[in-house]
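Side chains included, hydrogens not; waters and symmetry mates left out as well; all remaining heavy atoms used.
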Amino acid sequence: MACNVSSVCSPLGAITGPKVYSHSSLSQSNPNSHTKCPSLVSSQSQSSFISSFSRCHRANLTPRRSAVAPVPRAPNFLVVRSAKPEPLRVMISGAPASGKGTQCHLITQKYNLVHIAAGDLLRAEVAAGSENGRRARECMEKGQLVSDEIVVMMVKERLLQPDSQEKGWLLDGYPRSSSQALALKEFGIEPDIFILLEVPEEILVERVVGRRLDPVTGKIYHLKYSPPETEEIASRLTQRFDDTEEKVKLRLLTHNQNVEAVLSLYEDITIKIDGGDSKESVFAQIDATLENLLQQRKETSGSLAA
């Protein structure tokens, strides 16, 4: 393209827009103008010409700030996800007399989890006369075991209630079989951690056989570890019919078979705790495990929010 750059810069150094002509217009106004461009270039150094032309060309193409309406800018802030970690979802299992009830109380007391025990839930549903409770009562009145289907539905509905979702939950002694665990998985219910209390059989037998019930207060005593306060209380204590050595060994055999099947489904998240120690020592082990899990949750939430 032929060009006339006679107005590249003003005497005061202010940049003025160069006049740009088409080849045809130059030919009409000055037929010889296309031959004069080389002489303009040769009158100054080529690098100086290119530099000046580039500055003027950019000035001509770039709109003046005062002539263009400012474009609104988005507020300069960062939107992040909430750093609040998800609530804990815990399953705990243990043989009869493993101290599971005591540990559940300590866990819920510190972590404010919703404590859910299938047996308590079943009795409450029956007493309330709910649909699941009615079906369960029919089974019990016929001398039949309550089906897994009924109990799983009760547990599922309780786990999905708002308080369980907001606070987190502690599922006590459930699931007890692989079929129950698989049913919960089908509903999308998975724990963060599965705690198994392990206690040697001889200690479990001693704990069970030595248990006694106060029929007046309902309090459970142990002749060795938690004896009654007075002779009057001791005189009225009774032993449950299935708290004999023979019966407890059969219950332990059933428990061990069932828990192995359940553990195969939660193998990656199972923590085994030595339940043969004092209740304080056992809880210290559980507490350290849960605190570590919460700390990992906080770090993960913090990295997502950063």
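- A donor-acceptor contact shorter than 3.5 Å is absent between the side chain of Gln180 and the backbone of Asp148.
- Tracing side-chain contacts under 4.5 Å through hydrophobic residues (I, L, V, M, F, W, Y), one reaches Ile116 starting from Met154; they form part of the same cluster.
- Interatomic distance, CD1 of Ile92 versus CG of Leu170, reported as 6.0 Å (0.5 Å rounding).
- Ion pairing of Arg207 with Asp243 is absent here, as no side-chain N (NZ or NE/NH1/NH2) approaches a carboxylate O to less than 4.0 Å.
- A 4.5 Å side-chain heavy-atom check between Val152 and Phe187 finds at least one atom pair inside the cut-off.
- The shortest side-chain heavy-atom distance between Lys185 and Leu265 falls under the 4.5 Å cut-off.
- At least one side-chain heavy atom of Trp169 sits under 4.5 Å from a side-chain heavy atom of Met91.
- The shortest heavy-atom contact between Ser93 and His255 is OG-CE1, 3.8 Å.
- Without hydrogens or angle criteria, Arg236 side chain to Pro215 main chain gives no donor-acceptor distance under 3.5 Å.
- Linking Ile, Leu, Val, Met, Phe, Trp and Tyr residues whenever their side-chain heavy atoms come within less than 4.5 Å leaves Leu88 and Tyr174 in two separate clusters.
- The side-chain heavy atoms of Met153 and Ile150, taken from C-beta on, include no pair separated by under 4.5 Å.
- When every heavy atom of Asp242 is checked against every heavy atom of Lys247, the shortest pair comes out as O-CB, 3.4 Å.
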**Message:** For a side-chain contact (heavy atoms from CB on, under 4.5 Å) check, start with the C-alpha distance between Arg297 and Asp192, then their side-chain angles and the critical distance, and finish with the verdict.
**Reply:** CA-CA 11 Å; Arg297 288 274 182 86; Asp192 300 312; 2.7 Å; yes

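- His222 and Glu206 make their closest contact through NE2-O, 3.1 Å (heavy atoms, listed as atom of the first residue, atom of the second, distance).
- Using a cutoff of 4.0 Å between basic side-chain nitrogens and carboxylate oxygens, Glu131 and Arg134 are scored as salt-bridged.
- Other residues, nucleotides and ligands place more than 12 heavy atoms under 6.0 Å from the CD atom of Glu229.
- Judged purely by atom type and a 3.5 angstrom limit, His115 has no side-chain atom pairing as donor or acceptor with the backbone of Ile107.
- Linking Ile, Leu, Val, Met, Phe, Trp and Tyr residues whenever their side-chain heavy atoms come within less than 4.5 Å leaves Leu263 and Ile286 in two separate clusters.
- Taking every heavy atom of both residues into account, Gly276 and Val199 meet most closely at N-CG2, 4.0 Å.
- The pair Glu291-Lys110 meets the salt-bridge criterion, since a charged nitrogen lies less than 4.0 angstrom from a carboxylate oxygen.
- Using a 4.5 Å heavy-atom cutoff, the side chains of Leu204 and Ser98 are in contact.
- Taken from CZ in Arg212 to CG in Leu223, the straight-line distance is 4.5 Å, to the nearest 0.5 Å.
- Enclosure of atom CD in Glu232 is not indicated, since only 12 or fewer non-hydrogen atoms of other residues, nucleotides or ligands lie within 6.0 angstrom.
- Within a 6.0 Å radius of CZ in Arg251, other residues, nucleotides and ligands contribute more than 12 heavy atoms.
- Remark: Arg158 CZ to Asp120 CG distance equals 11.5 Å, nearest 0.5 Å.
- Interatomic distance, Leu293 CG to Arg89 CZ, rounded to the nearest 0.5 Å: 9.5 Å.
- Annotation: side chain of Glu202 is not in contact with side chain of Val205 (no heavy-atom distance under 4.5 Å).
- How far CG of Leu196 is from CD1 of Ile273: 9.0 Å, rounded to the nearest 0.5 Å.
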**Message:** Between Val262 and Arg176, is the side-chain contact (heavy atoms from CB on, under 4.5 Å) condition met? List the steps.
**Reply:** CA-CA 7 Å; Val262 172; Arg176 295 182 179 178; 5.8 Å; no

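- For Gln103 (side chain) and Lys279 (main-chain N/O), a donor-acceptor pair under 3.5 Å exists by modelled atom type.
- Atom OH of Tyr225 has more than 12 heavy atoms from other residues, nucleotides or ligands within 6.0 Å.
- One hydrophobic cluster, built from ILVMFWY side chains closer than 4.5 Å, cannot hold both Val208 and Leu213; they sit in different ones.
- Side-chain contact between Val126 and Met140 is present, with heavy atoms from C-beta onward closer than 4.5 Å.
- The distance from atom CD1 of Ile271 to atom CD1 of Ile195, rounded to the nearest 0.5 Å, is 8.0 Å.
- Of all non-hydrogen atoms in Leu252 and Ala95, the two that sit nearest each other are CD2-CB, 3.6 Å.
- Side-chain contact check for Glu190 and Tyr266: no donor-acceptor pair (N or O, by modelled atom type) lies under 3.5 Å.
- When atom types are taken as modelled, the side chain of Gln165 and the backbone of Leu159 share a donor-acceptor pair closer than 3.5 angstrom.
- The shortest distance between side-chain heavy atoms of Lys167 and Pro87 does not fall below 4.5 Å.
- The shortest non-hydrogen separation linking Val151 to Val146 is CG2-CG1, 3.7 Å.
- Hydrophobic clustering keeps Leu160 apart from Leu171 (ILVMFWY residues linked when any side-chain heavy atoms are closer than 4.5 Å, directly or through intermediates).
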